[in-house]
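Okay, structure first, notes after.
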Protein chains: 2
Amino acid sequence: MTKSKKAGKGRRAKLPEELTEAEWAIMKVVWEQEPCTAGTVQETLADTRAWAYSTVKTTMDRMAEKGFLAIEKIRNLQLFRARISEVDAKRAELRKTLKRAFDGALTPMMQFLIEHEGLSAEDASHLRELVERATRKKP
Amino acid sequence: MTKSKKAGKGRRAKLPEELTEAEWAIMKVVWEQEPCTAGTVQETLADTRAWAYSTVKTTMDRMAEKGFLAIEKIRNLQLFRARISEVDAKRAELRKTLKRAFDGALTPMMQFLIEHEGLSAEDASHLRELVERATRKKP
DNA sequence: TTGCGTATTCTATTTATGTCGAATATCCTC
DNA sequence: GAGGATATTCGACATAAATAGAATACGCAA
C-alpha cells in the first residue's frame with residue numbers, strides 16, 4: 001500500500017524549492033561525488049566547515065525528507081544522491097534574488113551586475129560573445 | 001548606569017549583512033517613503049502581506065537593532081529610515097547567490113542567466129549596449 | 001561468536017524568523 | 001483634565017535551521 005509520509009489527501013506538501021546555506025555546501029559535494037555517504041561528505045567538507053559527522057548526517061536526512069536527496073540502502077550503508085539538478089538549484093536561487101531584489105525583472109539585474117561588479121576586459125568580451133550567441137539562436 | 005544589552009567588551013556583534021524575505025518587503029517600502037512609521041509600512045504592504053501592525057513593528061524594531069533601520073523619535077512617534085542603501089542590499093543579495101551557487105565567479109553566473117532565462121531581443125540589445133558602455137569606460 | 005569499528009537513529013540545545021495579542025503610554029481635543 | 005484614538009512596549013509561541021552528543025545497530029574479521 002502507498003505509505004504516504006505526511007497526509008492522506010493527495011495534497012502534496014509544498015516542498016521547499018530552495019537550499020539553505022548548509023544545504024548548498026552539502027549539495028555541491030553530492031553533485032560531484034554521488035552516490036556518496038554522509039561520511040564522505042563530511043570528510044570532503046572538513047577543511048571548509050568544521051562540522052561533526054552527526055551534523056552532516058542530520059542535515060542530509062532532513063534534505064532527504066524534503067526531497068532534495070534520495071537515499072539508497074545497501075547493507076547498513078546509505079548512499080545519497082541528488083534529486084534536484086544543479087541547474088534547477090541555481091535557477092531557484094537566482095529567481096529568489098530576482099524576485100526579492102529586482103522585482104523579478106531580469107534586465108535590471110543584469111544591468112546591476114554589469115555596473116556594480118567590475119567586469120574585466122575578458123569578462124566583457126566573453127559576455128558580448130554570449131549575448132551574440134543567444135540572440136542568433138532566436139532571430 | 002550603562003545598561004548594555006549584550007556584552008561589555010567593545011566587541012561589536014557581527015551585524016548581519018543580508019535581509020530576510022520579510023525584511024526585504026519592509027525595506028522596499030522604507031526606501032520609497034522614508035522617513036515613515038511602522039503604521040505606514042503596514043498599510044502599504046496590506047494588499048501584499050496580511051501582516052498585523054505588531055508583526056511589522058516587531059520586525060522593524062529588530063531591523064533597527066541589527067542596524068538596517070534608524071529610528072528617530074518625534075513626540076510619541078517613531079520615524080524609521082534606512083541605514084543601508086538599496087544598492088548595498090542588492091549587492092549583498094547578489095553576492096550571496098554568487099558565492100553559494102557559482103563559487104563567486106561572476107561570468108558563469110551571467111552566462112547562466114543568459115542561457116537559462118530567455119532573453120528577449122530587446123533585452124539582448126540592451127545588454128549589448130551595457131557591455132559596450134562598461135568596456136569603453138575602462139580601456 | 002565475540003568484538004571492533006563504523007553507520008545510523010534519536011533527541012536536544014540554541015538561535016533566528018515569523019507572527020501576534022495584550023498591556024501600557026502618549027497626545028490631542030473638548 | 002477626561003476620553004478616546006493611536007503608538008509603543010513586551011512578552012509569547014511556533015517553526016526551521018544549525019549543531020552535535022549519546023545510544024544503538026550492524027557487518028566483518030579473527
Side-chain angles (χ1 to χ4, degrees), chain A residues 5-7 13-30 35-46 48-81 93 96 100, chain B residues 3 5-7 13-29 35-46 48-80 92-93 96 100:
Chain A
K5 207 124 265 180
K6 279 271 135 126
K14 81 150 179 285
L15 46 147
E17 193 49 25
E18 298 168 13
L19 301 170
T20 68
E21 188 57 29
E23 289 171 344
W24 264 102
I26 289 172
M27 280 310 290
K28 283 184 188 171
V29 178
V30 174
C36 60
T37 69
T40 305
V41 174
Q42 192 268 319
E43 282 155 25
T44 304
L45 290 173
T48 330
R49 325 267 180 150
W51 283 337
Y53 166 83
S54 56
T55 300
V56 174
K57 183 58 164 49
T58 303
T59 304
M60 289 180 78
D61 286 344
R62 290 209 270 248
M63 289 169 77
E65 268 163 31
K66 294 191 202 169
F68 291 138
L69 294 176
I71 301 180
E72 181 192 355
K73 226 167 180 161
I74 294 182
R75 293 293 191 157
N76 78 329
L77 241 280
Q78 281 176 307
L79 284 182
F80 290 82
R81 51 185 90 229
E93 188 73 28
K96 180 179 60 184
R100 277 191 179 181
Chain B
K3 194 186 153 245
K5 208 123 267 181
K6 279 268 136 139
K14 84 150 178 286
L15 46 145
E17 193 49 26
E18 298 171 13
L19 301 170
T20 68
E21 188 57 30
E23 289 171 345
W24 264 102
I26 290 172
M27 281 310 289
K28 283 184 189 174
V29 177
C36 61
T37 68
T40 305
V41 174
Q42 191 267 318
E43 283 155 25
T44 304
L45 290 173
T48 330
R49 325 266 182 154
W51 282 337
Y53 166 82
S54 56
T55 300
V56 174
K57 183 58 163 51
T58 302
T59 304
M60 289 179 79
D61 286 343
R62 286 183 191 156
M63 288 168 78
E65 269 164 32
K66 292 190 205 170
F68 291 138
L69 294 176
I71 301 181
E72 179 192 356
K73 224 167 182 161
I74 296 181
R75 294 295 189 156
N76 76 329
L77 241 279
Q78 280 176 307
L79 283 183
F80 291 83
E93 187 73 28
K96 181 180 59 182
R100 277 190 179 180

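Each chain gets a letter, A, B and so on, in the order the sequences are listed, and its residues count up from 1. Computed from a prediction, not measured in an experiment: that's the story for all the values here.
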Short side-chain N/O contact to [N] OP1/OP2 from [X], under 4.0 Å:
| X | N | result |
| --- | --- | --- |
| Tyr53(B) | dG21(C) | no |
| Lys57(A) | dT9(C) | yes |
| Lys73(B) | dT9(D) | yes |

Checklist line | Whether Lys66(A) side chain and Leu19(A) backbone form a donor-acceptor pair below 3.5 Å | finding: no
If you take all heavy atoms of [X] and [Y], which pair is closest and at what distance?
| X | Y | answer |
| --- | --- | --- |
| Ala38(A) | Val56(A) | O-CG1, 3.9 Å |
| Glu23(A) | Thr59(A) | CG-CG2, 4.4 Å |
| Ala25(A) | Trp51(A) | CB-CH2, 4.1 Å |
| Gly39(B) | Tyr53(B) | N-CE1, 3.6 Å |
| Ile26(A) | Met60(A) | CG2-CG, 3.7 Å |

Would you mind reading off the distance between [X] atom [atom1] and [N] atom [atom2], rounded to a whole angstrom?
| X | N | atom1 | atom2 | answer |
| --- | --- | --- | --- | --- |
| Phe68(B) | dA16(C) | CZ | P | 12 Å |
| Glu21(A) | dA17(D) | CD | P | 13 Å |
| Met60(A) | dA17(D) | CE | C1' | 16 Å |
| Leu77(A) | dC28(D) | CG | P | 10 Å |

Report all interatomic pairs (protein N or O, nucleotide N or O of nucleotides 19-22 of chain D) with separations under 3.5 Å.
{"residue": "dT19(D)", "atom": "OP2", "partner": "Trp51(A)", "partner atom": "NE1", "Å": "2.6"}
{"residue": "dT19(D)", "atom": "O4", "partner": "Arg62(A)", "partner atom": "NH2", "Å": "3.3"}
{"residue": "dA20(D)", "atom": "OP2", "partner": "Ala52(A)", "partner atom": "N", "Å": "3.2"}
{"residue": "dA20(D)", "atom": "OP2", "partner": "Thr55(A)", "partner atom": "OG1", "Å": "2.8"}
{"residue": "dA20(D)", "atom": "N6", "partner": "Thr58(A)", "partner atom": "OG1", "Å": "2.6"}
{"residue": "dG21(D)", "atom": "N7", "partner": "Ser54(A)", "partner atom": "OG", "Å": "3.0"}

Check: Taking five pairs at each end of the helix from dT1(C)-dA30(D) to dC30(C)-dG1(D), what angle separates the two helix axes (nearest 10°)?
Finding: 10°
Next item on the list: List the steps and the verdict of salt bridge (Lys or Arg N to Asp or Glu O under 4.0 Å) for Lys96(A) and Glu93(A).
Entry: CA-CA 5 Å; Lys96(A) 180 179 60 184; Glu93(A) 188 73 28; 3.4 Å; yes
Margin query: List the residues meeting side chain to side chain donor-acceptor pair (under 3.5 Å) with Gln78(B), not counting sequence neighbours, and say none if there are none.
Written below: Lys57(B)
Next item on the list: Counting heavy atoms from C-beta on, name the nucleotide in dT9(D), dT26(C), dT8(C) closest to the side chain of Gln78(B).
Entry: dT9(D)
Next item on the list: Measure from the side-chain heavy atoms of Asn76(A) and tell me the nearest of dA7(C), dG18(C), dA7(D).
Entry: dA7(C)
